[in-house]
Number of protein chains: 2
Amino acid sequence: MLPADALLLHIGHYIRISEPLRAALLERVQAASYHKGELLHDARHVCTRSDFIQQGLVRLYYLLDGEKITEYFSAEGEWVNSPSSLVKQTPDIYYLEALEPTQTLSLQAQDLGYLFDIFPEMERYARLSMGSVFGHLMDRVTSLRFTSAREKYAHFCRTHHDILHRLPLGMVASYLGITQETLSRIRAER
Amino acid sequence: MLPADALLLHIGHYIRISEPLRAALLERVQAASYHKGELLHDARHVCTRSDFIQQGLVRLYYLLDGEKITEYFSAEGEWVNSPSSLVKQTPDIYYLEALEPTQTLSLQAQDLGYLFDIFPEMERYARLSMGSVFGHLMDRVTSLRFTSAREKYAHFCRTHHDILHRLPLGMVASYLGITQETLSRIRAER
DNA sequence: TCAACTCTTTGACTTAGATCAAATAATCAC
DNA sequence: GTGATTATTTGATCTAAGTCAAAGAGTTGA
């Protein structure tokens, strides 16, 4: 059996996992691992699966004038995928990159579809867990407007305390929408 | 019967509406109307329903140092509610204000819960329609970072072409995270 | 219809943070 | 380990947009 405890815990946080659902999940989930710098997903392809991070760190980024702009970070116990590409099954602009050696459990889009069809509670899980990410995204919009670079960084430290020391400064800067130089100066203030 | 065509169309865009679901929806939906400036939801209370806008224009805002900061606008054919308050059933910081005389069809939280329990396809509808809003929110985050005030306004014009002329400039400015004066100068350029 | 708001524009000045450039420091591949 | 990348810091400007202030326009209600 796969060591899928963290995944079951995540799902179990939102819904009760029946035995058939548990079995169906464990049967379909696939383990994979990526070395540092490897892409879990490439903008030139359709996103065909969702990856649950068992161990490691991943970022979503896109290219703007050749620059890699970080859209978000995900670590242990979180799902990563390229949302619009996965839902619409068309390519979009995002890349998923492992920032550390990363182990994942993944579900293919077709398996996800099967689980949604057979287990309505999986629909609920998806709705509720997406709602939670949605809330964070709203907070982020709030923090991007009307706040100084200093406040943006302070907010990031509060919300990403656990992974802060694992991230290169330049990626944090692009996530916050400020330059590397400015972030370096802000950090030096302490 | 209530003139719920737009609502059924919205739902029907994501799922097939069975006759029992259709009946259950029409039975539970309640019409309401609000005059300009009236609050559909007040931060001091728990958000107990979701409102589908039949006609009119609504904004979500919160207070920051006494200033009303606009978080988003919604018009005909869209749902409005205070997401985190509705889901968690605890108060949060947001107000919903009618910017025009507004007619809505609303569903109480308990009725929503009932529909989710009895009709799994409603879970799917909620998941998929939230996914679509989620995508727009991601685009907005992108547009808030690394773009000049000019570009933010241009992006807003593209994405909110239909309601642009119905919105006071100050509210658009706070939505974009720029000052009223700056937005006024940008508009004057044309 | 007129007074009292509220909303929008315009002007002068200030500043946070961007840009450009170069020097360190850290990491990686061989 | 050592040279080559890559990441971070520091410094000197520059500029977009904020702040403060006041004048015009538009609305609204008695």
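Lettering of chains follows the sequences in order, A, B, ..., and the numbering in each one begins at 1.
- For B/Glu100, the salt bridge (charged side-chain N to carboxylate O under 4.0 Å, His left out) partners at least two apart in sequence or on another chain are B/Arg166.
- A salt bridge (charged side-chain N to carboxylate O under 4.0 Å, His left out) check over residues 36-45 of chain A, counting only residues at least two apart or in different chains, returns the pairs A/Asp42-A/Arg44.
- For A/Ser184, the side-chain contact (heavy atoms from CB on, under 4.5 Å) partners at least two apart in sequence or on another chain are A/Leu169.
- For residues 90-99 of chain B, the side chain to side chain donor-acceptor pair (under 3.5 Å) pairs, not counting sequence neighbours, are B/Arg59-B/Glu97, B/Ser82-B/Asp92, B/Ser84-B/Asp92.
- Nucleotides of DNA chain C with any atom under 4.0 Å from a heavy atom of chain A span, from 5' to 3', C/dG17 to C/dC28.
- Remark: A/Phe134 pairs with no residue by the ring pair (Phe, Tyr, Trp, His ring centres under 6.0 Å) rule, at least two apart or across chains.
- Residue contacts shown for B/Lys152 are absent, as no nucleic acid heavy atom lies under 4.0 Å away.
- Axis angle between the ends of the helix from C/dT1-D/dA30 to C/dC30-D/dG1, five pairs each and rounded to 10 degrees, works out to 60°.
- Residue-level contact check: A/Arg187 touches the backbone only, with heavy atoms under 4.0 Å from sugar-phosphate atoms and none from bases.
- Here B/Glu189 pairs with B/Arg150 under the salt bridge (charged side-chain N to carboxylate O under 4.0 Å, His left out) rule; sequence neighbours left out.
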Under 3.5 Å, which donor-acceptor pairs link side chains of residues 103-118 of chain B to any protein atom two or more places apart or in another chain?
residue  : atom : partner  : partner atom : Å
B/Ser106 : OG   : B/Gln30  : O            : 3.4
B/Gln108 : NE2  : B/Gln30  : OE1          : 3.3
B/Asp117 : OD1  : A/Arg124 : NH2          : 2.8

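- Of the residues in residues 156-183 of chain A, those with a non-hydrogen atom less than 4.0 angstrom from any atom of DNA chain D are A/Pro168, A/Leu169, A/Gly170, A/Gln180, A/Glu181.
- Residues passing the side-chain contact (heavy atoms from CB on, under 4.5 Å) test with A/Ser132, sequence neighbours excluded: A/Tyr14, A/His136.
- Residue pairs that meet the ring pair (Phe, Tyr, Trp, His ring centres under 6.0 Å) test with at least one member in residues 25-60 of chain A, sequence neighbours left out, are A/His10-A/Phe52, A/Phe52-A/Trp79.
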